[in-house]
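Below, read A as the first sequence line, B as the second, and so on, with proteins coming before strands; counting in each chain starts at 1. Heavy atoms only: backbone and side chains are in, while hydrogens, waters and symmetry mates are out. Computed from a predicted model, the values in this text were never measured in an experiment.
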Protein chains: 2
Amino acid sequence: MSNTTIDDVAKHAQVSRATVSRVLNDNHRVDEKLRERVLEAVRVLGYQPNHVARRLRAQSSTVIGLIISDIQNPYFLSVIRGVEDEAYANRLSIVLCNSDEDAAKQQLYLQVMESEHVAGLILVPTSSVDTGGIERLRRVGIPVVLLDRNVNGLLADVVKVDNVRGAFDAVQHLIDLGYRRIATLAGCSHLSTGSERYRGYREALASAKIPLNETLVKYGDYKTESGYRLTHELMSLPQPPDAIFAANNMMTLGALRALRERNIHIPGEIRLVGFDDMPWSGELYSPLTSVSQPTYELGQEAVRLLRQRIIQPDAPFRTVTLQTSLVVRESSGAALAGRR
Amino acid sequence: MSNTTIDDVAKHAQVSRATVSRVLNDNHRVDEKLRERVLEAVRVLGYQPNHVARRLRAQSSTVIGLIISDIQNPYFLSVIRGVEDEAYANRLSIVLCNSDEDAAKQQLYLQVMESEHVAGLILVPTSSVDTGGIERLRRVGIPVVLLDRNVNGLLADVVKVDNVRGAFDAVQHLIDLGYRRIATLAGCSHLSTGSERYRGYREALASAKIPLNETLVKYGDYKTESGYRLTHELMSLPQPPDAIFAANNMMTLGALRALRERNIHIPGEIRLVGFDDMPWSGELYSPLTSVSQPTYELGQEAVRLLRQRIIQPDAPFRTVTLQTSLVVRESSGAALAGRR
DNA sequence: AAGTATTCAGTAATCGTTTTCTGCATCAGG
DNA sequence: CCTGATGCAGAAAACGATTACTGAATACTT
């Protein structure tokens, strides 16, 4: 219960507390003898500076906020890891929140971040429109970096992947393999990732002069259940698709489950390509062809942008777009095509 | 950049700042007229209390620490989710750190937690011995709850699962199915989970009067790579095992990969049971029989213990042990047995 | 050698709250 | 009508650090 303060150290070293502070932050010349006395006192007393007091006085924080939209999605594991590593390397701590794709919860956490006076915030927004909450943070001097998703008309740095290109490549891959009835489990249209990936899908079809077939487009909510349900719907069509492009990892899992239930063989009877590669994608029921995102780098880059912004609050805002890569495994039927 | 403070509110409402504070924390009678003036001023100015100042003065924090040993392990996803949900329900925020199974990093983060004056800490320790870092936190009045793993001789609350029983059940299951040469990919012996699960394995063998065969016991480090490598070693033995019990999820994935590479059919030629169920365990290459842990509840319970401890610092320490359940799928060969 | 510049430690103000203490009313009881 | 109790708001003292300011001692210049 006994917390030693800077005054205890000062008393023990027989100096003023200003001197102690100066020694610990070494931003000022201090006599070598005094310095040693202070360091000795710190050691003896086991003194740990109180970050809370320091934050209040210096108005500078070493804590950054991280609001994730769905912490249960393995996609974010590697993102968080990237953020954590980069933060650790720069002696920053992380306050983590999970908005659970809930705008109200996000709003609450934005307020918490403001109250906590974090040095900056990395946000995976729940929606592509801001009702003022994010903008407010910027106004009170807390820089925000958006991760994964965009928010329309917001002045902020953004780190994301090239979703259009990623989806395009995935669908193009299926087209190259000779499939024409390509369905998609599309993501939420109120998220930039959803609309961008859908656009990539459409563009790939268009570039191959395949007309868009609305019955093959199913909108999900990025959750496993929706992928499962919509895949059942797709396969119940009078003319089911011969390939499916799923716009995220969870819906892909749902699709896998549905197809397994129906005893539909992948890649024999249907082909499947997902978005987001996972460490165990190769160990799945049908090793999964998928669009791999550089998730770790995404998190890393977000912290870098944030640090830059903290140093130079008025620099022009940047959008860093990382490239995806298509990892081809068996589920897309590439091996079949080879054998033909 | 303009942060409104309590003084601004006081001025606007023409009261003292003490009154504002009393209204906001309503722990004191305040005249209804003044109260309304204050609330109005708060609304108009968009005042957000500064948690940093509040923490410093009131010496009471609404932030709890969470140190995870390996944030990239999906096992912890659900744990974190449980912690987050329960924290949210009690208006607590989380400072998240990843010790990366590195004792030095854990030590650093323990210091950070002390400096941040968190209300309490949930810790997944990197080792079953404490070099003083954890004990110190308790001494300065920050309660610690251990999660998943034990630390010898430490006065702290603990939430864990019954690892001995879980491993016992898994191995017993294999024995029931008629297998005798049962190998194990054991976990690190310096972690309580490692030694407990290994004990469960031994006890199951003993209770079936199967002598322990040391060549079938391989010690890994809970990482995918070790599971992969050790499985290759196992299958290269003159007399390879007829079943494998892997002590955690990542090593199980490694085992799956190795077996696939060797074209060894599961469950035809070998049987596999893992520890830790995952949402996609059923969609794996061979749907995985595994010991399922109540991970979400683990996280939830940790926050509950912490809150109890904060309220009653001197209550006797508790160890909450949750039960695992064996989820039987195809990889253990149960379906084969049925067909016999 | 005197005056000025420089160095460096200490004093005290400050960050934005909470909370104890103080003092002015109002109210009840005798 | 006076006294004591009570209620409630304001003044001021914390909380534990950083940092602008102060002042003494030393070094340097002319």
inquiry  = I'd like to know if E101(A) and R149(A) make a salt bridge, using a cut-off of under 4.0 Å between side-chain N and carboxylate O.
reply    = yes

request  = Measure from NZ or CZ of R309(B) to the centre of the six-membered ring of F317(B), then state whether that distance is under 6.0 Å and the direction lies within 45° of the axis.
outcome  = yes

query = Does N50(B) use its side chain to pair, donor to acceptor, with the backbone of V52(B) at less than 3.5 Å?
reply = yes

message = Reading DNA chain D in the 5' to 3' direction, which nucleotide is the first one with an atom under 4.0 Å from a heavy atom of chain B, and which is the last?
response = dC8(D) to dG16(D)

key: Along DNA chain D (nearest heavy atom to each residue), the more 5'-positioned of A58(B) and E32(B)   = E32(B)

key: Boundaries of the DNA chain C segment in contact with chain A, non-hydrogen, under 4.0 Å   = dC8(C) to dG16(C)

key: Ion pair check, D7(A) and R17(A), cut-off under 4.0 Å   = yes

Side-chain donor-acceptor pair present, D70(B), Y75(B), cut-off under 3.5 Å = no

ask   = With E40(A), which residues qualify under side chain to side chain donor-acceptor pair (under 3.5 Å), at least two apart?
value = R43(A)

query = Do side-chain atoms of S115(B) reach the backbone of Q111(B) as a donor and acceptor pair under 3.5 angstrom?
reply = yes

ask   = Which heavy-atom pair separates S128(B) from S192(B) by the least distance, and what is that distance?
value = CB-N, 4.4 Å

ask   = Closer to the 5' end of DNA chain D via nearest nucleotide, is it A53(B) or H28(B)?
value = H28(B)

ask   = More than 12 heavy atoms of other residues, nucleotides or ligands under 6.0 Å from NZ of K105(A): is that the case?
value = yes

request  = Tell me what V30(A) touches on the nucleic acid: a base, only sugar-phosphate, or nothing, going by heavy atoms under 4.0 Å.
outcome  = sugar-phosphate

ask   = Between L305(B) and V320(B), is any pair of side-chain heavy atoms under 4.5 Å apart?
value = yes

request  = Identify, residue by residue, the members of residues 13-22 of chain A with a heavy atom below 4.0 Å from DNA chain C, and return them in order of residue number, or none.
outcome  = V15(A), S16(A), R17(A), A18(A), T19(A), R22(A)

inquiry  = Please give me every residue in residues 108-118 of chain B whose heavy atoms get under 4.0 Å of an atom in DNA chain D, ordered by residue number.
reply    = none

ask   = Under the salt bridge (Lys or Arg N to Asp or Glu O under 4.0 Å) test, which residues partner R57(B), sequence neighbours left out?
value = none

query = Does R81(B) pair with D100(A) as a salt bridge, N-O distance under 4.0 Å?
reply = yes

key: Rounded distance (nearest 0.5 Å) linking atom NZ of K160(B) with atom CG of L298(B)   = 10.0 Å

